[in-house]
Amino acid sequence: MSESFNKEECIKNVGKVLGLDSLEELPHYDTINDFLSGLDVIELEKLERI
C-alpha cells in the first residue's frame, strides 16, 4: 500500500469493512497488515467478494 491508495473510494471501503461511520484517512499499512494477519483465511475470502 502507498499514498496512492489514500483516495476517497478506498477510505470509504476500508471504513465500511471496519464498521466505521467515518474515516478521514487510511490507517498505516503496517496496521492493516497486522489486522489482516489475525483473520482466518475464510474471513478474508468473504471480504474479497464484497
Side-chain angles (χ1 to χ4, degrees):
M1 288 185 65
S2 66
E3 187 67 30
S4 64
F5 282 97
N6 209 13
K7 296 179 181 176
E8 192 65 32
E9 184 178 0
C10 293
I11 294 169
K12 285 181 182 181
N13 289 336
V14 170
K16 185 176 183 179
V17 168
L18 296 175
L20 301 173
D21 292 330
S22 68
L23 186 62
E24 292 182 23
E25 62 183 15
L26 292 178
H28 190 272
Y29 69 89
D30 284 334
T31 304
I32 293 173
N33 288 340
D34 289 345
F35 171 77
L36 293 175
S37 69
L39 292 178
D40 185 85
V41 174
I42 294 171
E43 295 300 318
L44 289 173
E45 289 173 349
K46 289 178 187 176
L47 290 175
E48 191 174 12
R49 294 184 202 123
I50 294 177

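- Residue V14 comes nearest to L26 through the heavy atom pair CG2-CD2, 3.5 Å, listed as atom of the first residue, atom of the second, then distance.
- Of the inter-residue distances, the one linking E45 atom CD with L39 atom CG reads 12.0 Å to the nearest 0.5 angstrom.
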Enumerate, atom names and distances included, each donor-acceptor pair closer than 3.5 Å involving a side-chain atom of residues 18-25, sequence neighbours excluded.
none

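- Here the shortest heavy-atom pairing between I32 and P27 reads CD1-O, 3.7 Å.
- Distance NZ/K7 to CG/N13: 13.0 Å, rounded to 0.5 Å.
- You'll find the side chain of Y29 reaches within 4.5 Å of the side chain of N33, heavy atoms only.
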